[in-house]
Student: 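Have a look at this one before I ask anything.
Worth saying up front: this structure is predicted, and the values here are computed from it rather than measured. Atoms within a ligand are numbered from 1 in the order they appear, just like the ligands themselves. Numbers here simply count residues along the sequence, with the first being 1.
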Amino acid sequence: MAVCARRANSHFFLDVRTRPSFDPPFIRVCKSYFRDLQMRVFNFSAGPAAIPEEVLRQAADEMLDWQGSGMSVMEMSHRGTEFTSIHEAALTDLRDLLKVPASHRILFLQGGGIGENAIVPMNLLGRKQTADFVVTGSWSTKSFKESQKYGTPHLAANGKTEEGFTRVPAFSEWKLSDDPAYVHLCSNETIDGVETFEIPDLGDIPLVADASSHILSRPMDIAKFGVLFGGAQKNIGMAGVTVVIVREDLLDRALPICPSAFEWKIVAENNSMYNTPPTYAIYIAGLVFKWLKKQGGLEAIESRNVEKAKLLYDTIDSSDFYVNKVERQNRSRMNVPFFLADESRNTDFLAGAKARGLLQLKGHKSVGGMRASIYNAVPIEGVNALVDYMKEFERTGA
Ligand SMILES: *Cc1c(COP(=O)(O)O)cnc(C)c1O
């Protein structure tokens, strides 16, 4: 556990990970000595998830007075010059990072990924009834079901096997319907740990991707997507804002029942200010975009993510003690589910992890086992601490 002690205006770190016997009494002693002691754990939560510490510090520093405005960002008019500059910078930085082409608009919506499960069909079905779905895990299953309220979706491919969701069906296996309004894919299945790396070219059929849990983890060819969306609380920032990147020519297909606040065309025409946007969440996202640029952009982040994922999968694969059943070419770099071969050890495993400041490792209730989400903001030190612990637990049982 990294312990950060803050005093007056200076802060410094006590790195207790190097202590062979870290224990809560030690933290209590520190707390009695440093009044404002703050502890930071390694957070493997799937979402809301880790945010870069630098970003949190800047937000804390600017909380009461954003850059001489005398106001918190939370208190600003969304139409004032201050927030407008925050909003525009976030848009520009995101466009830069993802190399979003001029053909695509970036919208900041509310409603999250689950909201988009309804918002997408309401915006894209137009005069058609059918959208095609590639089901690769729990999230695309949910999207498929929700879309049935608005049309008659077609299941084009299903990655479910006897072992659960363990693969993305190859494009050659997709059985598209005659004239679908769009094809929906969840490009990273957060719960099942299944990631799509090869994005097919569908010609005139718009491809819609739910990229909630891996957007910004690597460069992506946005031109291949009609729509790409993601809730912020996984790999962008805090909950409350949903990034929707949509090709301009798809903005005129909304069903009449689509609520105005969720009609992409109206949102685009109003530069995401048709209704009050989630201002603070946009501000935090903007700080994360700046942080990503400082890290070297998405190429640099990708190589770090490759390295982090390799550390973890290599540890899982190197013994029979831990198991991950996802086919190698589809293993998620962001969400790594794994099981202890002896599931009766789960509680001990989680307790030992917690004692070391390795938190939120319990798997999603629908699949059980463990899951380590290693988003951009989880440092390699966190993954190293986790794999060290996994090896030790295997060896000593504690
Ligand atoms: C978390 C998640 C969602 C749901 O996001 P909400 O903000 O809870 O609506 C949807 N899709 C994917 C891939 C996710 O990871």
Student: Taking side-chain hydrogen bond (donor to acceptor under 3.5 Å, both in side chains) as the criterion, tell me which of S332, S217, S212 meets it with N188.
Tutor: S332
Student: Kindly state each residue pair satisfying side chain to side chain donor-acceptor pair (under 3.5 Å) with at least one member in residues 269-279, sequence neighbours excluded.
Tutor: E88-N271
Student: Can you run down the ring-ring contact (aromatic ring centres under 6.0 Å, His included) pairs that involve residues 133-164, sequence neighbours left out, and say none if there aren't any?
Tutor: F133-F144, F133-H184
Student: For ligand 1, give me the residues whose heavy-atom distance to it is below 4.0 Å, by chain and number please.
Tutor: G112, G113, I114, W139, C186, N188, T190, D210, S212, S213, Q233, K234
Student: Check for me whether the distance between the ring centres of H87 and Y283 falls short of 6.0 Å.
Tutor: no
Student: By ring pair (Phe, Tyr, Trp, His ring centres under 6.0 Å), which residues pair with F171, not counting sequence neighbours?
Tutor: W174
Student: For K145, does the NZ atom have more than 12 heavy-atom neighbours from other residues, nucleotides or ligands under 6.0 Å away?
Tutor: no
